[in-house]
There are 2 protein chains.
Amino acid sequence: MSKPAASPTKTQATPPPAEVNDNLTEAIELLFFGYRDFISDPDAILSAFEFGRAHHRVVHFVGRHPGITVAELLDILRITKQSLARVLRQLIERRFVEQKTGEKDRRQRRLYLTPEGAELLRRLVAPQRERVRKALDAAGPGAEDAWRKVMLALLNEENRPEVEHLITRDGK
Amino acid sequence: MSKPAASPTKTQATPPPAEVNDNLTEAIELLFFGYRDFISDPDAILSAFEFGRAHHRVVHFVGRHPGITVAELLDILRITKQSLARVLRQLIERRFVEQKTGEKDRRQRRLYLTPEGAELLRRLVAPQRERVRKALDAAGPGAEDAWRKVMLALLNEENRPEVEHLITRDGK
DNA sequence: GTATTTATGTCAGCCATGTTGACATATTTT
DNA sequence: AAAATATGTCAACATGGCTGACATAAATAC
């Protein structure tokens with residue numbers, strides 16, 4: 001036995017002790033399992049390109065913010081520029097992302113998806129969109145608003161304005 | 001500049017193109033950012049023990065399911081036994097987790113938190129509980145139900161029964 | 001009662017993706 | 001001209017995934 005299995009298991013263990021089992025703990029685990037499955041879709045697609053999740057994140061945010069600068073991308077991803085450089089170099093070499101020197105500030109390298117990059121992004125995001133669409137549907141009308149409120153409230157206070165700005169249509 | 005910065009940024013980039021910016025894409029990003037902040041709390045605590053997130057997950061699920069077997073834990077975590085072995089060995093060596101030979105099946109090694117392990121878990125989970133509590137509070141009454149419905153619906157169909165079982169008080 | 005399967009552990013090596021620290025270059029700002 | 005900024009790069013290291021191979025003890029099957 002070497003591969004991670006995925007069979008439903010009746011846990012033989014003792015029931016969870018009451019002091020660690022309330023609705024808050026359940027919510028914590030829902031986040032863990034929900035996120036785990038949520039990011040599971042793109043992995044198969046990525047591995048066909050020999051890319052990883054780090055590449056996915058870069059492609060996602062460059063696609064969302066065409067012309068984003070390296071510094072801005074670093075600020076979103078919260079990784080070091082050395083970490084970013086590795087995946088960014090690969091994406092540029094293989095023509096999924098391209099750089100253009102900033103017009104106003106020629107030190108900047110503004111990032112754009114190539115047509116191939118845009119196509120990759122579409123393929124990566126499609127199953128996630130479908131998953132979220134189904135989930136919001138299944139939870140019924142009104143659930144979406146409540147869900148979003150909770151998700152936003154989970155953020156660190158200091159990140160909330162930035163995230164609200166990032167996820168929102170700029171023209172709104 | 002070497003550390004990941006955390007300053008709110010007005011993105012200079014073009015507004016997100018309409019075809020990739022709808023409420024589904026926003027939801028996808030809410031999950032990304034929400035999860036990112038959600039797991040940020042425990043990291044500082046862990047590094048003081050020279051533990052990582054992998055240790056956190058083991059301590060969490062052993063705490064939730066005292067007497068869980070190695071196979072069951074592998075099934076929850078979806079990692080290989082070699083990966084688990086590394087962190088489990090450290091947790092056992094440093095007396096945060098202990099093993100007892102199974103009574104019915106003496107091949108099994110049932111896992112339990114020591115008092116130190118339970119104390120570590122409490123410290124790790126406290127900020128997460130607080131975060132979730134505040135978020136559910138802030139979103140108002142009724143939001144909790146909707147939020148949970150959506151999170152459950154995000155799961156892969158085949159995982160839903162298992163997760164429902166795992167997160168639920170067994171006596172319910 | 002021997003043979004097989006199961007639960008667990010372990011060694012060795014590889015890969016992806018994070019980290020630090022140091023330094024280089026071009027460009028803008030002071 | 002000097003300093004600050006945006007970016008890139010080299011080197012080394014840590015964490016936590018992975019595969020493959022093999023070992024042991026206990027349970028189950030024949």
Side-chain angles (χ1 to χ4, degrees), chain A residues 1-5 7 9 11-13 36 39-40 42-44 46-47 49-59 67-75 77-93 97-111, chain B residues 1-5 7 9 11-13 36 39-40 42-44 46-47 49-59 67-75 77-93 97-111:
Chain A
M1 179 174 122
S2 213
K3 254 189 217 156
S7 50
T9 314
T11 304
Q12 296 179 19
R36 181 191 68 178
I39 55 170
S40 70
D43 283 1
L46 286 162
S47 67
F49 290 83
E50 301 190 284
F51 285 146
R53 287 176 192 169
H55 303 88
H56 183 186
R57 291 194 283 270
V58 170
V59 168
I68 192 172
T69 65
V70 171
E72 289 166 350
L73 190 50
L74 285 174
D75 192 49
L77 297 176
R78 305 279 178 83
I79 57 176
T80 56
K81 65 175 172 173
Q82 296 93 326
S83 291
L84 175 58
R86 203 162 25 202
V87 295
L88 192 51
R89 193 185 320 125
Q90 294 164 354
L91 287 167
I92 291 169
E93 267 168 13
V97 169
E98 59 182 6
Q99 295 175 307
K100 293 182 189 162
T101 297
E103 295 199 350
K104 288 198 328 207
D105 185 337
R106 297 171 38 76
R107 289 170 305 181
Q108 294 177 338
R109 296 296 123 84
R110 289 170 166 284
L111 303 174
Chain B
M1 179 175 123
S2 210
K3 254 191 216 156
S7 50
T9 313
T11 305
Q12 296 179 18
R36 182 192 68 178
I39 55 169
S40 69
D43 283 1
L46 287 162
S47 66
F49 290 83
E50 300 190 284
F51 286 147
R53 286 177 193 168
H55 303 88
H56 183 186
R57 291 194 283 271
V58 170
V59 168
I68 193 173
T69 66
V70 171
E72 289 166 350
L73 189 51
L74 286 174
D75 192 51
L77 298 176
R78 303 279 178 83
I79 58 177
T80 57
K81 66 174 172 174
Q82 296 93 326
S83 293
L84 175 58
R86 206 162 23 200
V87 295
L88 193 51
R89 193 185 319 124
Q90 294 164 355
L91 286 168
I92 291 169
E93 268 168 12
V97 170
E98 59 182 6
Q99 295 175 308
K100 293 181 189 164
T101 298
E103 295 200 348
K104 286 196 335 208
D105 185 337
R106 297 173 36 78
R107 290 171 306 181
Q108 294 177 337
R109 296 296 123 84
R110 290 170 166 283
L111 303 173

task = Determine the contact category for A:Gln99: base if any of its heavy atoms lies under 4.0 Å from a base atom, sugar-phosphate if only primed atoms, P, OP1 or OP2 are that close, otherwise nothing.
result =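 If one applies the 4.0 Å heavy-atom cut-off, A:Gln99 turns out to touch the sugar-phosphate alone, with no base involved.
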inquiry  = Using a 4.0 Å heavy-atom cut-off, does B:Arg53 contact any base of the nucleic acid, only the sugar-phosphate backbone, or nothing at all?
reply    =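 Sugar-phosphate contact only.
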ask   = What residues, two or more places apart in sequence or in another chain, satisfy side-chain contact (heavy atoms from CB on, under 4.5 Å) together with B:Ser47?
value = none
key: By side-chain contact (heavy atoms from CB on, under 4.5 Å) - contacts of A:Arg106 (at least two apart)   =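 Checked A:Arg106 against side-chain contact (heavy atoms from CB on, under 4.5 Å); matches are A:Thr101.
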If I take atom [atom1] in residue [X] and atom [atom2] in nucleotide [N], what distance separates them, rounded to the nearest angstrom?
X        : N      : atom1 : atom2 : answer
A:Leu111 : D:dG8  : CG    : C1'   : 13 Å
B:Leu84  : D:dT15 : CG    : C1'   : 15 Å
B:Ile79  : D:dC18 : CD1   : P     : 7 Å
A:Arg78  : C:dT19 : CZ    : C1'   : 16 Å
A:Phe49  : C:dC15 : CZ    : P     : 21 Å
B:Leu88  : C:dT10 : CG    : P     : 9 Å
B:Leu74  : C:dG9  : CG    : C1'   : 12 Å
A:Ile68  : D:dA6  : CD1   : P     : 14 Å

Where the side chain of [X] is defined as all heavy atoms beyond and including C-beta, which of [options] is the nearest nucleotide?
X       : options                : result
A:His55 : D:dG17, D:dA6, C:dT17  : C:dT17
B:Ala54 : C:dT17, D:dG16, C:dG18 : D:dG16
A:Lys81 : C:dC23, D:dG16, D:dC18 : C:dC23
A:Arg57 : D:dG16, C:dA7, C:dG18  : C:dG18

ask   = Do B:Gln82 side-chain and C:dG13 base share a donor-acceptor contact under 3.5 Å?
value = no
request  = Check if the side chain of A:Arg86 and the base of C:dG18 share a donor-acceptor pair of N or O atoms closer than 3.5 Å.
outcome  = yes
Contact list (N/O, under 3.5 angstrom) for nucleotides 26-30 of chain D vs protein:
| unit_1 | atom_1 | unit_2 | atom_2 | d |
| --- | --- | --- | --- | --- |
| D:dA26 | OP1 | B:Arg106 | NH2 | 3.4 |
| D:dA27 | OP1 | B:Arg106 | N | 3.1 |

query = Quick one: salt bridge (Lys or Arg N to Asp or Glu O under 4.0 Å) partners of B:Arg107, sequence neighbours excluded?
reply = B:Asp105
request  = Using the test salt bridge (Lys or Arg N to Asp or Glu O under 4.0 Å), find all partners of A:Arg86 that sit at least two apart in sequence or belong to another chain.
outcome  =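 Expected list: none.
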Rounded to the nearest 0.5 Å, how far does [atom2] of [Y] lie from [atom1] of [X]?
X       : Y        : atom1 : atom2 : value
A:Glu72 : A:Gln108 : CD    : CD    : 7.0 Å
B:Leu88 : B:Lys81  : CG    : NZ    : 13.0 Å
B:Glu50 : B:His55  : CD    : NE2   : 10.0 Å

B:Arg89 or A:Gly52, whichever maps to the more 5' nucleotide of DNA chain C = B:Arg89
ask   = Hey, does A:Leu111 have a side-chain heavy atom less than 4.5 Å from the side chain of A:Gln99?
value =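 A side-chain contact exists here, since the closest heavy-atom pair is under 4.5 Å.
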key: Phosphate OP1/OP2 of C:dT19 contacted by A:Thr80 side-chain N/O (<4.0 Å)   =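 Answer yes for this pair, as a side-chain N or O of A:Thr80 is under 4.0 Å from OP1 or OP2.
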message = For a quick test of reading the model: is some side-chain N or O of A:Ser83 closer than 4.0 Å to OP1 or OP2 of C:dT19?
response = yes
